[in-house]
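Since the structure comes first, as structure tokens, the remarks are kept for the end.
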Amino acid sequence: MPKNDIGLAAWLYDMLQAHKIRQSKFADMCNVHRSAVHHWLNNKRLPQRHTLSAIADALATITGEHTDDIKAELLWQVQMSIESKETEQ
């Protein structure tokens, strides 16, 4: 479970748990190393900009939701994570 319950880490964790998707499978779907997913879920790093579309596509496949809806939520979650980190400093 992510250390912070706001932003990308918590949202992504919940999405993967709800659909019973392992980190390694999600990493394969996003074409990233599994350590990248681990860092996202543990609120240590945010995805690189070029990875966001792959994440949205993977989540759309998993959930059956429209990719544009997932992208909008993903960007909002990333923004929440950024704001949360800025507040901590």
task: Mark yes when over 12 heavy atoms from residues, nucleotides or ligands other than Asn31 sit less than 6.0 Å from its CG; otherwise mark no.
output: no
field: Gap between atom CZ of Arg22 and atom CD of Gln17 - 0.5 Å precision
entry: 10.5 Å
statement: For Cys30 and Ala58 the tightest heavy-atom approach is SG-CB, 3.8 Å
- prompt: Quick one: are His39 and Val32 in side-chain contact, heavy atoms under 4.5 Å?
  reply: no
Gap separating the CD1 atom of Ile62 from the CG atom of Asp57, nearest 0.5 angstrom: 11.0 Å
- prompt: Taking atom CG of Leu52 and atom CG of Leu75, what is their separation to the nearest 0.5 Å?
  reply: 6.0 Å
- prompt: In Å and rounded to the nearest 0.5 Å, what is the CG to OH distance from Leu8 to Tyr13?
  reply: 14.5 Å
field: Closest non-hydrogen atom pair between Ile55 and Leu74, with its separation
entry: CG2-CD2, 3.9 Å
Least distance between heavy atoms, Trp40 atom then Ala9 atom: O-CB, 3.3 Å
- line: When rounded to the nearest 0.5 Å, the distance separating NE2 of His38 from CZ of Arg34 is 10.5 Å
task: Of all the heavy-atom pairs spanning Ala60 and Glu65, show the shortest one and how long it is.
output: CB-O, 3.3 Å
message: Please identify which of these residues, Thr63, Asp68, Ile70, meets the side-chain contact (heavy atoms from CB on, under 4.5 Å) condition with His66.
response: Asp68
- prompt: To the nearest 0.5 Å, what is the distance between CD (Gln77) and OG (Ser84)?
  reply: 11.0 Å
